[in-house]
Amino acid sequence: MTCQPSKQPTILAPAGDIQSFLAAIAAGADAIYCGLKIFSARMEADNFSIEELARLTKLAHSKGVQVYVAFNSIIKEDETDKVLRILDKLARYADVDALIIQDTAMVSLAGQAGFKGKLHLSTLGNCTHPAGLAAAQKSGFSRVVLPREFSLDEIRAMAAAVPGTMDLEVFIHGALCYSVSGRCYWSSWFGGKSALRGRCVQPCRRLYEQNGKKARYFSCMDLSADVLAKVLKEIPNISTWKIEGRKKSPHYVYYTVMAYRLLRDSPDQKNQALSFLAYALGREGSHYNLLSHRISNPLNHASETGSGLFLGRIKNPENPYFISREALLQGDLLRIGYEEETFHQIQKVTRAIPKKGKYFLAAKKGRRINKDTSVFLIDRRGSELEEKLSCLASELGEIPKITIKPLNSSTLGKRPADSVKSPGKRSGHGGKKQPDIYEMDVFRKHPPALKTHNDTGFWISANNYGIKAPPRAWLWLDPVLFPEEEKICQNYVKTALKKGAKNFVLNSPWQIALFDDPQRLNIWAGPFCNIANCLAVEMLKRIGFSGAIVSPELESKTLLSLPECSCLPLGAVCRANWPVAISRIAAPDLDIGKDFTSPMGEVAWTSKYNATYHTFPNWPLDLSSKTDELKQAGFVMLVNLFENIPKGIRMKSRPGTWNWHLKLL
């Protein structure tokens, strides 16, 4: 381990379109991250073509600004060739500095495409504990993006464990997801729009009802490190401060970057920096977990959690107006209501009004606005920013457009030979052949009467890592392992090994670092590793895994195609109480273990397990009718995950095939 000397952190700005990219340069960002029009975790942003990105990167480099491409989507098996072709074009035409990736298949694909830049592990990749950093580095990553849920103490713990020349990136500002990154399946569960593929429809932002009260129980305020930037700056190995917001306006990008530049370079101008943040049109900010002794819960429902600057509420539905908390300029963009509301709309301000002035909205036929509807300012083009954007646009216009030539497929790298295997019998631990098919039932604790002919698995974190599992049982590690849990977990594993345990399921690839000699054990990657292609399985094999349970989020076509090309034996989740969200927080007014209802009438509940909250729908994932197809495809392990259903929760009988019959978007 090394401890690199503290130096000025890079300010990394978001860009979801050309104007925001230019705004980041204008504000003095050190680096910009953006996505392509496909395979990005923010597919709702405009994003960029390779032709646009090539010219923008030349402009950025001429200003000393680096460019990173967020290629941070999970990749389905039939998409790997398409990804390879895109990466080849990116490598040949756009001289970007790094890729931010979630799917480990991208390490192999980037190498095959001849990409020469660096590889950064996205926060969606879920490297959440210190020992995992070394495993990530061995897998080809030069940087890890830390979770937004961390405290300053946890960031210090990660920084102290940084190996070699690796560095870390931390979020300092922007939207907070309710779930831990890489552990949200909510949007996908209700219609195939996967958060892990950039298609999230933000169900956490909606109104839910519990005990007769409707509230946005899961809608967070934004993260804002603001004055704590001074403390962050002193932590070694933190090379980069990241601002979230690839769906935000140029105004937001410009003023947020300006604010954090001041907080980094001129802390005596703190008040000016804070005024820039207030003017950036984000949600109300929260320090979240940064101060572990004074946690600021971002689910405080006294605040407005819609995007943009809150201006006021509608006073008269017949002739709607509001009293503005801020002065409005002609051309400002307003958002009326929340996205799920039928009268939600965007309007442009037609005349300037002073602070506390009355502004009447334009009436829209058939779109009656309810009284007390919230109004937000979501974009503004002030003269200072407009002038800078205009100058940069002129410079961009002087850079010649490029023409991407047709790809010669013979120039692309070839997939390694061991990536294509027949699904017959595969060798397991110790060279013995595994059974063709076996099933595993996984529990939080010993059931009152354990009557099963299947293999048995237990979540080892149950009872605060005090569960006593039989030596032949499968021991399951949690989907999220925070720094303070690492030692506890590692000690449990060491004790279990001494007692003869050999079978483990890890729910993040980086948990392999907790084992000194994984090749001597039977260690499988669990379903929360989000495995969707065989190149990712190859990476697992290289770092010591014996098998993998693939993502249950997949549609049937992808799921059934994987065993044929896998270099490791594969498992599938057959039946489960599957969590749609795993979070580190809960709203103070949400009753844990009690049902709540969505705007569409779906019922769910939240349970607390150690440091995390798991939200479950009241119907299970159930592919038991598909077991013959799974077996014929070559799956050798079928898994059933059982949860403790709270009293009063009524499980519903309904098809639980998730995305089996859909197309995962």
Side-chain angles (χ1 to χ4, degrees), residues 9-43 45-73 83-101 106 109-122 141-143 145 167 169 198 239-248 250 253-254 256-257 261 388-405 407:
T10 292
I11 293 177
L12 178 59
D17 56 31
I18 292 174
Q19 292 297 298
S20 294
F21 194 105
L22 299 179
I25 295 175
D30 303 298
I32 300 169
Y33 69 103
C34 52
L36 300 176
K37 292 187 179 293
I38 191 170
F39 300 117
S40 164
R42 290 291 183 271
M43 291 304 296
D46 286 347
N47 294 316
F48 301 87
S49 67
I50 291 176
E51 292 90 341
E52 290 171 333
L53 195 57
R55 297 174 66 231
L56 286 165
T57 301
K58 284 186 178 180
L59 177 65
H61 284 173
S62 74
K63 308 289 184 183
V65 179
Q66 292 194 325
V67 178
Y68 308 153
V69 172
F71 214 120
N72 51 346
S73 170
V83 169
L84 185 56
R85 291 173 182 274
I86 293 171
L87 286 172
D88 175 82
K89 293 176 183 176
L90 191 65
R92 287 191 290 142
Y93 294 103
D95 185 26
V96 300
D97 300 280
L99 297 177
I100 305 170
I101 59 181
M106 287 289 294
L109 290 168
Q112 291 178 55
F115 178 74
K116 302 300 183 185
K118 294 182 178 181
L119 300 179
H120 299 170
L121 181 61
S122 168
F141 295 99
S142 63
R143 177 181 298 175
V145 186
D167 58 66
E169 182 173 301
S239 69
T240 305
W241 291 356
K242 185 172 195 169
I243 297 167
E244 186 279 338
R246 281 195 282 146
K247 291 169 64 178
K248 296 290 183 70
V253 172
Y254 181 77
T256 307
V257 171
R261 277 188 61 207
K388 291 184 177 181
L389 293 181
S390 178
C391 290
L392 286 168
S394 296
E395 290 186 53
L396 181 63
E398 295 173 3
I399 298 174
K401 294 183 179 180
I402 66 165
T403 302
I404 294 182
K405 298 177 182 178
L407 182 65

Problem - Tyr33 side-chain N/O to Arg246 backbone N/O, donor-acceptor pair under 3.5 Å - result: no
Handout entry: Flag side-chain contact, heavy atom, 4.5 Å: Ile86 against Phe71
Key = yes
Fill in the blank from the handout: Between Ala15 and Phe48 the two heavy atoms that sit nearest each other are O-CE1, 3.4 Å
Problem - Selection residues 388-403 - residue pairs positive for side chain to side chain donor-acceptor pair (under 3.5 Å), sequence neighbours left out - result: Lys63-Glu395, Tyr254-Lys388
Problem - Side-chain touch Lys248/Pro14, heavy atoms, less than 4.5 angstrom - result: no
Practice task
Ignoring hydrogens and angles, tell me if any N or O in the side chain of Arg55 forms a donor-acceptor pair with the backbone of Leu396 under 3.5 Å.
Solution key: yes
Handout entry: Polar side-chain atom of Ser20 near backbone of Asp17 as donor-acceptor pair, under 3.5 Å
Key = no
Problem - Ile32 side chain reached by Leu56 side chain, heavy atoms, under 4.5 Å - result: no
Practice task
Before giving the answer on side chain to side chain contact (heavy atoms under 4.5 Å, CB included), spell out for Val67 and Asp95 the whole-Å C-alpha distance, their side-chain angles and the decisive distance to 0.1 Å.
Solution key: CA-CA 8 Å; Val67 178; Asp95 185 26; over 6 Å; no
Handout entry: Gln19 side chain reached by Val253 side chain, heavy atoms, under 4.5 Å
Key = no
Practice task
Could you tell me whether the side chain of Asp30 and the main chain of Ile11 form a donor-acceptor pair under 3.5 Å?
Solution key: yes
Exercise for the section: Determine, step by step, whether Tyr68 and Ile100 satisfy the side chain to side chain contact (heavy atoms under 4.5 Å, CB included) criterion, reporting the C-alpha distance in whole Å, the side-chain angles of both residues, the deciding distance to 0.1 Å, and the verdict. Expected result: CA-CA 7 Å; Tyr68 308 153; Ile100 305 170; 4.1 Å; yes
Fill in the blank from the handout: OG (Ser239) and NE2 (His120) are apart, to the nearest 0.5 Å, by 7.5 Å
Fill in the blank from the handout: Of all heavy-atom pairs linking Leu84 and Leu109, the shortest is CD1-O, 3.5 Å
Exercise for the section: Could you tell me which non-hydrogen atom of Leu389 sits nearest to which non-hydrogen atom of Ala23, and how far apart they are? Expected result: CD2-N, 3.4 Å
Practice task
Heavy atoms only: give me the nearest Ala60-Ile25 pair and the separation to one decimal.
Solution key: CA-CD1, 4.1 Å
Completion exercise
Rounded to the nearest 0.5 Å, the CD1 atom of Ile50 sits from the OG1 atom of Thr57 at a distance of 10.5 Å
Problem - Side chain Arg261, main chain Ala27, donor-acceptor under 3.5 Å - result: yes
Handout entry: Minimum heavy-atom distance between Ser49 and Lys37, given as atom pair plus value
Key = N-CE, 3.9 Å
Practice task
List the steps, then state whether side chain to side chain contact (heavy atoms under 4.5 Å, CB included) holds for Leu87 with Gln112.
Solution key: CA-CA 9 Å; Leu87 286 172; Gln112 291 178 55; over 6 Å; no
Handout entry: Where Asn47 and Glu52 come nearest, the two heavy atoms and their spacing
Key = O-OE1, 4.1 Å
